[in-house]
Protein chains: 2
Amino acid sequence: MSKQREAILAAVRKSCSHPDADTICAAVRADIPNISLGTVYRNLGKLADEGIIRRISVPSGADRFDKTICPHGHIVCPVCGGVSDLSQEVTQALEQALGDCRSYELTVSRECQECKKL
Amino acid sequence: MSKQREAILAAVRKSCSHPDADTICAAVRADIPNISLGTVYRNLGKLADEGIIRRISVPSGADRFDKTICPHGHIVCPVCGGVSDLSQEVTQALEQALGDCRSYELTVSRECQECKKL
DNA sequence: CTCCTAATTAGTAATAGTTACTAATATTAG
DNA sequence: CTAATATTAGTAACTATTACTAATTAGGAG
């Protein structure tokens, strides 16, 4: 495992905001200034394929990455684009209805608290 | 409403396979041979914004369009990429859990019957 | 430790899906 | 019919992502 890959994984694990590849690349550049965006994409993809992190796909936007591998739905704010986790209740209700299938993407569009205030 | 727009809407309404912009463009070219792909995209977007058709966003693939405006989940076959509607039961269970929110995207990945046979 | 091989990288080019732009054409209201 | 407006075809541009390549780097055997 190269230091680049290790730094990318650390960046995903440190973040709580479901970052996209670009954001992760910017974060890792604090440590490795000339890391390539391609390297970030390749490693994020590999880490996701290996089940170490999770790729989350949101409508009309870059893919995001999640340190939490346990599947769960997400809320996307239509104003700022921020992503947060959907409540356990909704996730459980969905999974119960789906049966044993754990391969799904659920994205609910809802304005976040910060954007509502404005 | 231009004849292009009318043809695009008709193509979406005629199809049962949740076609993407490219597929719709090819279909419409049977009637209007030199219609531009840009025109197809623009009109599909507008029709979706106006609530006349529905845009469905699938992970890692082109957006697809649905004549059914009533929100519901979809099944994407990981082998052939085909899209079909999720059962009413699952959709209802999800909507009950979500409350009044009708703005969501649910995509379940499951191999379709045709691909299973191979 | 050193050499070899295989993996990985940075950087760039290429690709897919989509939107933006523009001059020309078509539609609509008066 | 005519002027204003909307829409088009065609092309260029853009974003997210993957592919390619030569150079660098790990990791293992001796």
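Chain letters run A, B, ... following the sequence lines, proteins first and then strands; every chain starts at 1.
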Between CD of B:Glu6 and P of C:dA26 the distance, given in whole Å, is 16 Å
Check: A:Arg64 side chain, A:Val58 main-chain N or O, donor-acceptor pair, under 3.5 Å: no
Readout for nucleotides 6-25 of chain C: B = base within 4.0 Å of protein heavy atom, S = sugar-phosphate only, - = neither; 5' to 3' it is --SBBB-----SBB------
Distance from A:Lys116 atom NZ to A:Arg110 atom CZ, nearest 0.5 Å? 7.5 Å
Evaluate salt bridge (Lys or Arg N to Asp or Glu O under 4.0 Å) for B:Arg13 paired with B:Glu6, printing each intermediate quantity in order. CA-CA 11 Å; B:Arg13 292 215 163 125; B:Glu6 218 156 348; over 6 Å; no
Between CG of B:Leu9 and C1' of D:dT7 the distance, given in whole Å, is 16 Å
NZ/NE/NH1/NH2 to OD/OE distance under 4.0 Å, B:Asp63 and B:Arg55: yes
For the pair B:Arg54 (side chain) and B:Lys67 (backbone), establish whether a donor and an acceptor sit closer than 3.5 Å, ignoring hydrogens and angles. no
